[in-house]
Structure formats: C-alpha cells, structure tokens
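In what follows, residues are counted from 1 in the order of the sequence shown.
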Amino acid sequence: MMELEKIYRGMENGAETIQSNFSTIEKKVEENIVDIDKNTKLFTKSLLITDNSYYSEGRFTFKRIGQVVTLSIIITLKGKAEWQTILPKDAFPNGFLPIANADIAGPLSSNSHVGSFANIYMNNAGLRIITNGSLNSDQLQGSYTYITDQKFPVIES
C-alpha cells in the first residue's frame with residue numbers, strides 16, 4: 001500500500017512533504033505503466049502458396065496483437081485430403097507458431113458447395129487438413145484465433 005504523509009495548514013516543511021508525496025505517487029505510477037505500443041502493435045504476415053500437392057492455391061494471413069494470433073485461410077483443394085500437412089511448422093512465419101501443447105481444430109467452409117467442408121488441425125508442429133467424404137475439390141475458408149509464446153517478429157525496414 002502506498003504511504004502518503006498528511007498535510008495540514010501551517011505545518012513545518014509542508015512544501016517538502018508535498019514533494020515527497022508527489023515522488024511516492026510518481027514512483028507507484030511508473031511501476032504500473034504498461035508499454036501499450038509494444039503490446040498492441042499489429043503484425044501481419046501473408047503467405048501465398050501455389051501448386052502444392054493437395055491444393056492449387058493457399059492464402060494464409062497471420063495477424064498478431066500481443067500474444068494473440070488470428071489466422072485466416074483460403075485454399076483451393078485439388079481433391080480429398082486425409083490428414084495431410086498443408087502448412088508445416090517451418091513454413092509458419094517467425095513469431096506466429098502456436099504455443100506448445102496447443103491443439104486448434106475447426107472447420108473450413110466451402111464457398112460453393114453447401115454441406116461440403118474440411119477440418120483443420122493445428123499445433124506447433126504445423127497445420128493439417130482432412131476433408132469430408134463428398135468433397136473432391138473446392139475453395140474453402142476459415143479463421144482461427146490462438147496464443148503464441150514466440151517473440152515478436154523483427155520488423156524489416
């Protein structure tokens with residue numbers, strides 16, 4: 001708890017006491033300052049991969065604020081994909097890999113075929129996909145949010 005000295009009219013060394021109280025308050029404020037600029041800076045990295053074994057085009061957009069990453073995916077599949085790696089760990093941009101032991105799973109929705117979908121599974125080993133039985137080729141999209149513990153990416157100048 002912060003200790004401030006009470007000030008009263010006619011007290012001896014009142015100005016010094018006021019200054020001491022201000023110094024105590026300033027020190028407490030400095031201890032609680034958060035570097036807003038560092039923690040709210042937006043980092044964005046996009047990847048475009050063409051002619052992969054499982055898709056003809058893949059767009060992966062990573063956005064990071066603090067430790068929170070949002071990954072948006074748009075891919076055009078060539079055919080069925082049974083737990084195929086579509087983005088290996090080494091292809092993730094620096095600063096955007098999920099934390100260890102994180103398992104992120106979710107659907108990719110079809111843009112043109114109602115009821116067609118795929119599921120993605122992501123962890124710090126990469127991103128894999130599995131399609132449902134009726135899906136042969138289609139454009140799919142989805143967005144996922146997760147936590148990273150990697151350092152902030154170096155900004156290229």
Side-chain angles (χ1 to χ4, degrees), residues 1-4 22-157:
M1 186 165 139
M2 186 169 45
E3 293 291 324
L4 298 178
F22 275 126
S23 295
T24 302
I25 292 169
E26 286 173 350
K27 182 179 178 189
K28 190 68 173 174
V29 168
E30 285 175 12
E31 290 173 3
N32 291 301
I33 289 178
V34 175
D35 187 349
I36 298 297
D37 190 45
K38 175 185 171 194
N39 291 314
T40 60
K41 194 168 283 186
L42 174 66
F43 294 94
T44 302
K45 182 72 177 177
S46 294
L47 301 175
L48 174 61
I49 300 173
T50 57
D51 204 23
N52 177 286
S53 301
Y54 307 105
Y55 53 89
S56 55
E57 182 175 286
R59 294 180 185 273
F60 304 89
T61 303
F62 297 84
K63 292 183 179 180
R64 177 177 171 178
I65 297 178
Q67 300 305 108
V68 179
V69 177
T70 299
L71 169 59
S72 299
I73 302 170
I74 301 174
I75 59 173
T76 303
L77 289 177
K78 290 181 177 179
K80 286 185 181 179
E82 301 296 327
W83 286 113
Q84 306 302 326
T85 298
I86 60 171
L87 195 63
K89 173 183 180 175
D90 297 339
F92 273 71
N94 288 336
F96 293 94
L97 199 62
I99 61 172
N101 302 320
D103 293 319
I104 299 102
L108 287 169
S109 302
S110 171
N111 289 344
S112 57
H113 296 98
V114 175
S116 292
F117 65 92
N119 286 308
I120 63 117
Y121 175 77
M122 179 173 42
N123 59 23
N124 67 345
L127 177 66
R128 296 186 295 167
I129 187 171
I130 185 169
T131 58
N132 69 349
S134 64
L135 185 64
N136 289 320
S137 63
D138 200 0
Q139 187 178 67
L140 301 166
Q141 65 183 9
S143 186
Y144 312 91
T145 301
Y146 59 91
I147 302 294
T148 185
D149 60 359
Q150 291 189 314
K151 292 183 179 184
F152 280 96
V154 176
I155 300 175
E156 298 153 6
S157 48

(message) Is it the case that the side chain of T145 and the backbone of T70 share a donor-acceptor pair, with hydrogens and angles ignored and the cut-off at 3.5 Å?
(response) no
(message) Are I49 and L87 packed together at the side-chain level, in the sense that at least one heavy-atom pair is separated by less than 4.5 angstrom?
(response) yes
(request) Hey, can you tell me if Y55 and F60 have their rings parallel, tilted or perpendicular (30° and 60° cut-offs)? (result) perpendicular
(request) Give, for atom CG of L47 and atom CZ of R59, the distance between the pair rounded to the nearest 0.5 Å. (result) 11.5 Å
(message) Distance check, rounded to the nearest 0.5 Å: I104 atom CD1 versus L127 atom CG?
(response) 9.5 Å
(message) Has Q150 got a side-chain atom pairing as donor or acceptor with F96's backbone, closer than 3.5 angstrom?
(response) yes
(request) Determine the minimum heavy-atom distance between G126 and F92, stating which atoms define it. (result) CA-CE1, 3.8 Å
(request) List the atom of P93, the atom of F62, and the distance in Å for their closest heavy-atom pair. (result) CD-CE1, 3.5 Å
(request) Could you grab the distance from atom OG1 of T44 to atom CZ of R64, nearest 0.5 Å is fine? (result) 12.0 Å
(message) Tell me if the CG atom of N101 is crowded by more than 12 foreign heavy atoms within 6.0 Å.
(response) no
(message) Applying the side-chain contact (heavy atoms from CB on, under 4.5 Å) criterion to I129, which one of T85, I73, N119, L108 satisfies it?
(response) L108
(request) Give, for atom CG of N124 and atom CD1 of I99, the distance between the pair rounded to the nearest 0.5 Å. (result) 9.0 Å
(message) Between Q67 and T148 (side chain of the first, backbone of the second, donor and acceptor by atom type, cut-off under 3.5 Å), is there such a pair?
(response) yes
(request) Mind checking the CD1-CG spacing from I74 to L140? Nearest 0.5 Å is all I need. (result) 10.5 Å
(message) Rounded at 0.5 Å granularity, tell me how far CD1 in I130 sits from CD in Q84.
(response) 9.0 Å
(request) Mind listing the closest non-hydrogen atom pair of P98 and M122 along with its distance? (result) CG-CG, 4.0 Å
